[in-house]
S.K.: 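Take this structure, written in structure tokens, and hold onto it; I'll ask about it next.
What you see is a predicted model; the values in this text were computed from it and never measured. For the numbers below, each heavy atom of this structure counts, side chains included, while hydrogens, waters and symmetry mates do not.
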Amino acid sequence: MNVFKMHARVRHGFVSPAVAHVACGTGQGCCVLRCRRSAPILFALALALAACGRFTVMPPPEGEPAVLDPAELATTWTDADGGTLTLEQDGTFTADEVCVAVGWYAGLTWSGTGTWQQGSRSRTKQSLVSVSFDADHPVDTYHPETVERRPDPYAALRQGKVMKLWVAVGDPDNDFPNCVLTSPAS
């Protein structure tokens, strides 16, 4: 918009009188909006965006996607809080307070037995481990409804000699940590 049209809009009340005209470096006139109300407006906009969610999502743990063979997977995996998931060669498992991801629920730990199977993501060349518990589990003590026996699958990573299984936990817009299991060889 040229200076004359902007000036006309200021005179006729279409634009706040806080608009000032300054000279550009080229010698031509241009308009720069200098509004004393812009700081509170920008602050309110930032709050509105923050209320809608984070600007970034929790990144995955360190490591490269890995394809693990069943022998590498068939071991005891341990999470940061000492929970364990023992995968057996015959496709069964035993879990003891291991972290799991179920939809939007965060901070869940489950114990029990069940079966597991290996899958893969072909686009990232990464092993996936799906577990299916023998019994349903309650979501938590405040929400006693039960959820399916199958939490979200774990994805395999390798960081040097360390093998990891991980899954994102909870709402991706919040700062919930990832559920990360490591093998005893690491």
Side-chain angles (χ1 to χ4, degrees), residues 47-186:
L47 284 178
L49 287 173
C52 293
R54 287 180 38 147
F55 291 76
T56 61
V57 200
M58 285 292 290
E62 291 184 27
E64 296 296 319
V67 175
L68 303 178
D69 61 42
E72 290 176 296
L73 290 169
T75 187
T76 299
W77 299 84
T78 307
D79 66 25
D81 295 323
T84 60
L85 176 67
T86 303
L87 303 176
E88 302 291 342
Q89 290 271 355
D90 65 0
T92 62
F93 73 86
T94 304
D96 183 28
E97 297 295 317
V98 70
C99 60
V100 295
V102 181
W104 295 91
Y105 296 102
L108 298 178
T109 58
W110 286 2
S111 296
T113 59
T115 58
W116 70 276
Q117 60 183 359
Q118 181 179 5
S120 65
R121 286 187 183 141
S122 59
R123 62 183 158 82
T124 57
K125 296 185 180 176
Q126 184 174 37
S127 292
L128 297 176
V129 175
S130 298
V131 295
S132 180
F133 282 80
D134 292 333
D136 288 344
H137 285 74
V139 174
D140 60 40
T141 55
Y142 300 108
H143 300 93
E145 66 269 13
T146 57
V147 294
E148 293 184 29
R149 296 176 270 189
R150 187 178 293 262
D152 296 343
Y154 299 96
L157 296 174
R158 189 182 305 270
Q159 183 182 11
K161 293 184 179 184
V162 177
M163 293 186 303
K164 300 176 183 179
L165 295 178
W166 81 281
V167 64
V169 178
D171 182 350
D173 288 335
N174 292 324
D175 283 328
F176 292 118
N178 294 318
C179 169
V180 181
L181 310 174
T182 57
S183 71
S186 50

S.K.: What pairs of residues pass the ring-ring contact (aromatic ring centres under 6.0 Å, His included) test when at least one of them lies in residues 63-88, not counting sequence neighbours?
M.R.: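 Listed by first then second residue: nothing to list.
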S.K.: With sequence neighbours left out, what residues match Ser111 under side chain to side chain contact (heavy atoms under 4.5 Å, CB included)?
M.R.: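 By the side chain to side chain contact (heavy atoms under 4.5 Å, CB included) rule, Ser111 matches Asp96, Glu97.
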S.K.: If every non-hydrogen atom of Pro61 is compared with every non-hydrogen atom of Lys164, which pair is closest and at what distance?
M.R.: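 Shortest heavy-atom separation between Pro61 and Lys164 comes out as CB-NZ, 4.4 Å.
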S.K.: Give, for atom OG of Ser120 and atom CG of Leu128, the distance between the pair rounded to the nearest 0.5 Å.
M.R.: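 Reported to 0.5 Å precision, the distance equals 6.5 Å.
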S.K.: List for me each residue that meets side chain to side chain contact (heavy atoms under 4.5 Å, CB included) alongside Ser130, sequence neighbours excluded, and say none if there are none.
M.R.: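 Per chain and number, Ser130 pairs via side chain to side chain contact (heavy atoms under 4.5 Å, CB included) with Gln117, Arg150, Pro153.
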S.K.: Name all residues meeting the side chain to side chain contact (heavy atoms under 4.5 Å, CB included) criterion together with Ala168; count only those two or more places apart in sequence or in a different chain, and write none if there are none.
M.R.: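 Checked Ala168 against side chain to side chain contact (heavy atoms under 4.5 Å, CB included); matches are Trp166, Asn178.
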S.K.: For Asp81, is there any backbone N or O sitting under 3.5 Å from a side-chain donor or acceptor partner on Asp79?
M.R.: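 Such a contact is found between Asp79 side chain and Asp81 backbone.
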S.K.: Apply side chain to side chain donor-acceptor pair (under 3.5 Å) to Thr76 and list each qualifying residue two or more places apart in sequence or on a separate chain.
M.R.: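 Partners of Thr76 under the side chain to side chain donor-acceptor pair (under 3.5 Å) test: Thr86.
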S.K.: Report the residues that fulfil side chain to side chain donor-acceptor pair (under 3.5 Å) with Thr113, sequence neighbours left out, ordered by chain and then residue number.
M.R.: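 With sequence neighbours excluded, Thr113 shows a side chain to side chain donor-acceptor pair (under 3.5 Å) to Asp134, given in chain and number order.
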S.K.: Could you note down all residue pairs passing salt bridge (charged side-chain N to carboxylate O under 4.0 Å, His left out) where residues 117-129 supplies at least one of them, sequence neighbours left out?
M.R.: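 Every pair satisfying salt bridge (charged side-chain N to carboxylate O under 4.0 Å, His left out) with a residue in residues 117-129: there are none.
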S.K.: Quick one: which residue pairs count as a salt bridge (charged side-chain N to carboxylate O under 4.0 Å, His left out) with a foot in residues 61-75, not counting sequence neighbours?
M.R.: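 Every pair satisfying salt bridge (charged side-chain N to carboxylate O under 4.0 Å, His left out) with a residue in residues 61-75: Glu72-Arg158.
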S.K.: Restricting to side chain to side chain donor-acceptor pair (under 3.5 Å), what partner residues turn up for Thr92, sequence neighbours left out?
M.R.: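 Once residues adjacent in sequence are excluded, the partners of Thr92 under the side chain to side chain donor-acceptor pair (under 3.5 Å) criterion are Asp90.
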S.K.: Only counting residues at least two apart or in another chain, list the ones meeting ring pair (Phe, Tyr, Trp, His ring centres under 6.0 Å) with Phe93.
M.R.: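 Phe93 satisfies ring pair (Phe, Tyr, Trp, His ring centres under 6.0 Å) with Phe133 only.
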S.K.: Any side-chain to backbone donor/acceptor pair from Ser127 onto Ala156? Under 3.5 Å, distance only.
M.R.: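 Flag not set: sc Ser127 to bb Ala156 has no pair under 3.5 Å.
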S.K.: Show, in sequence, the C-alpha distance, side-chain angles and deciding distance for Leu165 and Leu73, and conclude whether the side chain to side chain contact (heavy atoms under 4.5 Å, CB included) test is met.
M.R.: CA-CA 9 Å; Leu165 295 178; Leu73 290 169; 4.1 Å; yes
S.K.: Under the side chain to side chain donor-acceptor pair (under 3.5 Å) test, which residues partner Thr78, sequence neighbours left out?
M.R.: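 With sequence neighbours excluded, Thr78 shows a side chain to side chain donor-acceptor pair (under 3.5 Å) to no residue whatsoever.
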